[in-house]
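First up is the structure itself, then whatever we jot down about it.
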Amino acid sequence: MALLISGFCLLTVTERTTKAKHIQFVSGVSVIVYWLSALLWDFIIFFASCCLVMGVIKYRKFDIYVTDYHILETMLIFTLYGWSAIPFVYLISFVFSGNTSAYIKLLLLSYFSGTFGFLIGEIIENKKLTSISNTTRTVVHNSLLFLPNYNLAKCVSQYTTIYKMKILCTTLKKHPIYLNCSKENTEKNIYSLEEPMIGKYLIDMSSAGFIFLLLIFFWETTSWRLRTFLNQCIYFGIYKRYRKDIVSKELSGQSEDEDVQNERKRILEQPQELLDSIVLIKELIKIYFKCPAILAVKNISLAIQKGECFGLLGFNGAGKTTTFQILTGEASPTSGDVLIDGFSITKDILQVRSRIGYCPQFDALLEYMTAQEIMIMYARIWGVSEHQIELYVNKWLNSLELESHADRLINTYSEGNKRRLSTAIALMGRSSVIFLDEPSTGMDPVARRLLWNTVTKTRESGKAIVITSHSMEECDALCTSLAIMVQGKFMCLGSPQHLKNKFGNIYILKVKVKTKDKLEDFKRFVTTTFPGSVLKHENQGILNYYIPSKDNRWGKVFGILEQAKEQFDLEDYSVSQITLEQVFLTFANPEKASSDDENEVP
Ligand SMILES: Nc1ncnc2c1ncn2[C@@H]1O[C@H](COP(=O)(O)OP(=O)(O)OP(=O)(O)O)[C@@H](O)[C@H]1O
């Protein structure tokens, strides 16, 4: 039984740690539906296994458990045990982060709570041991009653004893002295609440099942509020009191960047209704209260409108994923609030969850399903009507070219295909805002283009998209506005073009010189005509220059190069603007960028 029951933690732990459960909640599955459906399925497996056990008992001729309708009594004991033990395993599984360790530890717990619990119970009930006080007896006995395996062990042992006694009393002509074969004793109802009958243990198992389920629902629905309360009122309260210097310096929310500062002012000064935004982040702070405390998000404010694709850029550890986790209701904020479609994540997390689509950084897929099955499941969760489901799912499989893999188990997919599927699941829902955490990781260039097209179409349909990516090309292609995050703070904010105009003080000139003789002359020409220019790269007559844009308008640069084309026998040339990547490097790594600047464009 311990082997079987402990196995029911495997899926629940896997779905929680891979975030597949979170994605289901985000897609609209309620806590009650999630846990009751898990319980129903596991109970069916448990019941089928019990039927097999009964078959073995019958085959081995343990008649006491099967003859004279005893099979129903035995099945009742097993059924009530399953009812209490499965939710018990679910509840305990919350403390584990790996399914294998959870299985082994729960197996040991079930086994020892059955055997040692039974032994301890016997010792406690032994009235001859006068050294044990009555209070200790009551406390230990009542505690043991919460363990399903103890109740099962007691039921089976007492059931066996009672029926063996009844058989001996009816078959033996002369009763041994230890047998009480009085009519009163042999005709006692086995379900009586008195010792040594089993009624008490059956009632305990039935009520324990309810209690464990209630505790699971309570934990799932209020743990968020509890964590938010602890974070905001207790930990942060203490932190603010003792680390005033850090709070005023790092968490004030003031920014040197004009756009970031203006956005903050707009959000704080204007009423929320006037902002008309689908995502509204107000002075969001996240501190991981470890030793030392990690300031992951340092007072950011932002409004995202419908039909906007907002990009969150930053180096590893900048705080992007933490921000995403808060926005999707996975992590609780330390201070500040986020409104999604007008609902606050600190107060209405359930409303928030049903309005978002989420593709986490690591794929949260149920790997024992096929792509078709998982997408049908999510389509049903999103409320797509049964006759439209096939069309709907095929449309999304099609949009990311997953049809050829649709009938294969997800655990056989490549990383890139898993990423495509995760993104398709996030996009397919009827959510108002979609969060994509590095969606194109591991995708080939064709898949990436497909993803970009699909994301753009989704954005154009009126949804808001928030994306993190390490690909500047991707952000340039997709984002209508973006922010670069460094050490938890926004360093700049605006459309890609705005940022390039604002921070790009160089042009990139690429030239191919036909004849070698004129190469050195051309180099001298560039150095004198564009003071401050730097030759970045040279290879077989192809020169790559950075030239300062200050005092050099586009027209002037092109005019000069048109003249130089004939003079220096240039085969071809191009002048382009600074790329987003160069803007990113300037912000994300100021020290490196400034040293680069010194070297490159004085
Ligand atoms: N659960 C956690 N406990 C403690 N610190 C954490 C936790 N999660 C993140 N951090 C810390 O918070 C900071 C921000 O991390 P986060 O994962 O948000 O960065 P990121 O920008 O998403 O990085 P990446 O690009 O690598 O995904 C880092 O210093 C990280 O070490």
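Order of appearance sets the numbers: ligands from 1, and atoms from 1 within every ligand. In what follows, residues are counted from 1 in the order of the sequence shown. From a predicted model like this one, the values you see are computed outputs, not experimental measurements.
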Atom indices of ligand 1, in the order listed, that fall short of 4.0 Å to a heavy atom of [X]:
X: Q361; answer: 27 (O)
X: H470; answer: 25 (O)
X: A318; answer: 19 (O), 20 (P), 21 (O)
X: E438; answer: 25 (O), 27 (O)
X: G319; answer: 14 (C), 18 (O), 19 (O), 20 (P), 21 (O)

When you check the side-chain N and O atoms of [X] and [Y], is any donor under 3.5 Å from an acceptor?
X: S469; Y: S471; value: no
X: Y34; Y: E15; value: yes
X: T17; Y: N99; value: no
X: T334; Y: Y239; value: no

Yes or no: does [X] have any heavy atom under 4.0 Å from an atom of ligand 1?
X: M485; result: no
X: G314; result: no
X: F315; result: yes

| said: Closer than 4.0 angstrom, basic N to acidic O: yes or no for E473 and R449? | reply: yes
Checking a contact table here: which protein heavy atom is nearest [atom], and how many Å away?
atom: atom 3 (N) of ligand 1; answer: K290 NZ, 2.9 Å
atom: atom 25 (O) of ligand 1; answer: K320 NZ, 2.8 Å
atom: atom 23 (O) of ligand 1; answer: G317 N, 2.8 Å
atom: atom 22 (O) of ligand 1; answer: T321 OG1, 2.6 Å

| task | Can you establish whether the number of heavy atoms outside F217 located under 6.0 Å from its atom CZ is more than 12? | result | yes
| request: Before signing off on this row, confirm whether I294 and ligand 1 have an N or O atom pair separated by under 3.5 Å. | output: no
| query | Do any nitrogen or oxygen atoms of A296 come within less than 3.5 Å of a nitrogen or oxygen of ligand 1? | reply | no
| query | Roughly how far apart are I345 CD1 and L350 CG, rounded to 0.5 Å? | reply | 13.0 Å
| Between CD1 on residue I484 and CZ on residue F315, distance to nearest 0.5 Å | 10.0 Å
| field | Option nearest atom 6 (C) of ligand 1 (shortest heavy-atom distance, choices F324, F289, F362, Y288) | value | Y288
| Shortest reach to atom 15 (O) of ligand 1 by a heavy atom, considering only T322, T323, N316, L313 | T322
| said: Is the shortest side-chain heavy-atom distance between R459 and L478 below 4.5 Å? | reply: no
| message | So R264 and F490, do their side chains get closer than 4.5 Å, heavy atoms only? | response | no
| query | Right, does atom 9 (C) of ligand 1 have protein non-hydrogen atoms nearer than 4.0 Å? | reply | yes
| So E263 and R266, salt bridge (Lys or Arg N to Asp or Glu O under 4.0 Å) or not? Walk me through it. | CA-CA 5 Å; E263 180 76 348; R266 188 170 77 94; 3.2 Å; yes
